[in-house]
Amino acid sequence: MVTNVLIANRGEIALRVIRACHELGLKATAVCSAADRDAAHVSQADDAICIGPAPAQKSYLNKEAILLAAKLTGADAIHPGYGFLSENADFARMVEDRGLVFIGPTADVIEKMGDKIIAKKAMIDSGVPCVPGTDGALPDDPEVVHEIAKQIGYPVLIKAAAGGGGRGMRVVEMPSELLGAAALTRAEAAQAFSSPAIYIEKFMGHPRHVEIQVLCDNYGNAIWLGERDCSMQRRHQKVLEEAPAPFIARDLIAEVGERAVVACKHIGYRGVGTFEFLYQDGQFYFIEMNTRLQVEHPVTELVTGVDLVQAQLRVARGERLWLTQSDVETRGVAIECRLNAEDPIEFVASPGTITNWWPAGGPGIRVDSHIRTGDTVSPYYDSMIGKLIAYAPTREEAIKRMLRAVRETSVSGVSTNLPLHEQILLNADFQEGNFDIHAIGTKITVGSNV
Ligand code: ADP
């Protein structure tokens, strides 16, 4: 039974989940840190409990405090949102062990897909194409390491098996840099991700980032819900996303989508998930799976008409998939701009009090945000203050609409990355589909330090 959902998160995503709970007639319980007592997600929830001081380690990442909050509030399910504990297998296991429903895949699946080496192997077994590279952890033997890199061909990318959030990666251009880079990445990985395992991949020079959305129930049924293009990135962090991925043959995408569905069945996936790919020279290469809801899920919701958060809650409460693959149809184009409180030139976070908040509105605009005038953007958490999402029948119209929304939105008290979004939307290469993951900083620049 799922009747009372505790949301182990904050900000816009906590609010998004509360809204889905309410639409399904479920009780929504919030948790908050001492810094978030007056936050919108707390006031919108049916019940709320403070779980610790401002630093995330002591609140939103405090597993025992969250489980205690669930017990005290009578919650029977926990939605982790994204970030924080959303891909933490130990937490999912603790939730399950206490007889609560974890809204996401099983702890075993999270663990498996959280290790990028194991995940890649599972994809190869399911016939999903992967970036060429090692099929296991990189050994210590320097000669073997050199041999592997030579076979893949320079430049190569050294990656942490447990890496995430665009961190734990290092490009190596030539053999003389290889061992030093491997040792550094290994040391950083051990420190940041508690696992020194690393692997090597071919470094793709001009790929786009294209990802497939999947939805699975508890009974082995799985579908894919189109794709998103997330090539607009800065330091491997997504900035603007769109659905569908423009200028790629539909049958090629459908082939990858169907492979992703096979992989879901193979690994026993449950809930929503995303298969991330690099797309270069007409080919798709798997890089990793995210076993949770993505920040950019709204663009998929707009083009498919499927509410992904409601879908998560419905499969978590044991419903069989109510859609088959042939029911899924994408229509129109959606674009999302992540609105960050950061300096538009230096891109450092810009915490502070928002003295005026006027998000865009009008036809085809959706704003997912927790911000109200007077709110404080805390230095303790992510600097994202909301997402502007535009929907229109064609890409050209969606770009124009998004540009209108970016210009209409006004935020005072903190700096934002609105100028960067304006530059992306105005860029001819972006408009014509002539871009890759390096576009921001090469083709598209704002200020001096993109
Ligand atoms: P994370 O878990 O940190 O998000 P990913 O493996 O998804 O790590 O990679 C993040 C980003 O890094 C990708 O979106 C892409 O921009 C870049 N990237 C990853 N693998 C490669 C590669 N083999 N070649 C070039 N760029 C890559």
Side-chain angles (χ1 to χ4, degrees), residues 82-84 86-89 110-124 128-135 137-138 148-149 151-173 178 181-182 185 188-189 192-195 197-213 227-242 245 260 273-281 283-296 338 382 384 424 435-444 450:
Y82 52 66
F84 294 129
S86 61
E87 291 182 289
N88 187 307
I110 296 175
E111 196 156 72
K112 192 167 166 178
M113 303 315 280
D115 183 317
K116 295 183 179 187
I117 297 172
I118 301 176
K120 261 181 105 167
K121 190 160 181 324
M123 290 309 116
I124 292 167
V128 175
C130 292
V131 180
T134 39
D135 51 10
L138 198 63
I148 290 170
Q151 273 182 15
I152 296 169
Y154 287 87
V156 294
L157 188 63
I158 304 181
K159 284 179 149 182
R167 295 176 307 133
M169 285 184 278
R170 190 163 271 112
V171 184
V172 180
E173 304 280 354
L178 183 66
T185 314
E188 278 172 11
F193 312 112
S194 317
S195 158
I198 54 170
Y199 64 108
I200 304 190
E201 265 179 13
K202 173 88 193 147
F203 177 72
M204 315 283 278
H206 54 95
R208 280 166 59 182
H209 175 119
V210 179
E211 55 186 35
I212 302 279
Q213 176 71 54
E227 78 290 355
R228 297 179 285 261
D229 189 310
C230 313
S231 302
M232 292 299 129
Q233 304 182 352
R234 212 192 134 263
R235 305 228 168 113
H236 303 306
Q237 303 277 345
K238 296 165 187 168
V239 172
L240 175 150
E241 304 97 345
E242 62 181 292
T274 299
F275 290 78
E276 295 192 329
F277 294 86
L278 295 178
Y279 171 80
Q280 182 173 303
D281 303 328
Q283 301 263 8
F284 280 89
Y285 303 94
F286 172 81
I287 45 174
E288 68 158 344
M289 180 172 199
N290 289 142
T291 55
R292 53 166 168 85
L293 189 68
Q294 304 269 104
V295 174
E296 58 272 24
R338 297 190 188 195
D382 190 86
M384 196 173 77
I424 298 171
F435 57 78
D436 59 42
I437 58 168
H438 308 297
I440 296 183
T442 55
K443 292 168 186 272
I444 303 160
V450 179

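All ligand and atom numbering here is 1-based and tracks the order in the structure.
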Show the distances, to 0.1 Å, for all pairs joining an N/O atom of ligand 1 and a protein N/O atom that are shorter than 3.5 Å, listing one pair per line.
unit_1, atom_1, unit_2, atom_2, d
ligand 1, 2 (O), Lys116, NZ, 3.0
ligand 1, 2 (O), Glu288, OE1, 3.2
ligand 1, 2 (O), Glu288, OE2, 2.7
ligand 1, 3 (O), Gly165, N, 3.1
ligand 1, 3 (O), Gly166, N, 2.4
ligand 1, 4 (O), Glu288, OE2, 3.2
ligand 1, 6 (O), Lys116, NZ, 3.3
ligand 1, 6 (O), Lys159, NZ, 3.0
ligand 1, 7 (O), Glu276, OE1, 3.0
ligand 1, 7 (O), Glu288, OE2, 2.7
ligand 1, 8 (O), Lys116, NZ, 3.1
ligand 1, 12 (O), His236, ND1, 3.1
ligand 1, 14 (O), His209, ND1, 2.8
ligand 1, 14 (O), Gln233, OE1, 3.4
ligand 1, 14 (O), Gln233, NE2, 2.9
ligand 1, 16 (O), Gln233, OE1, 2.7
ligand 1, 20 (N), Lys159, NZ, 2.9
ligand 1, 23 (N), Glu201, OE1, 2.8
ligand 1, 23 (N), Lys202, O, 2.9
ligand 1, 24 (N), Met204, N, 2.9

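A donor-acceptor pair under 3.5 Å is formed between the side chain of Thr134 and the backbone N or O of Ile200. Looking only at distances, a side-chain donor or acceptor of Lys120 sits under 3.5 Å from a matching main-chain atom of Val131.
With sequence neighbours excluded, the residues satisfying ring-ring contact (aromatic ring centres under 6.0 Å, His included) with Phe435 are Phe430. In this structure, the salt bridge (charged side-chain N to carboxylate O under 4.0 Å, His left out) partners of Glu242, at least two apart in sequence or on a different chain, are Arg395. Shown here are the side-chain contact (heavy atoms from CB on, under 4.5 Å) partners of Thr274, two or more places apart in sequence or in another chain: Glu211, Gln213, Arg228, Glu276, Asn290, Gln294.
Sparse packing is recorded around NZ of Lys121, with 12 or fewer heavy atoms of other residues, nucleotides or ligands lying under 6.0 Å away.
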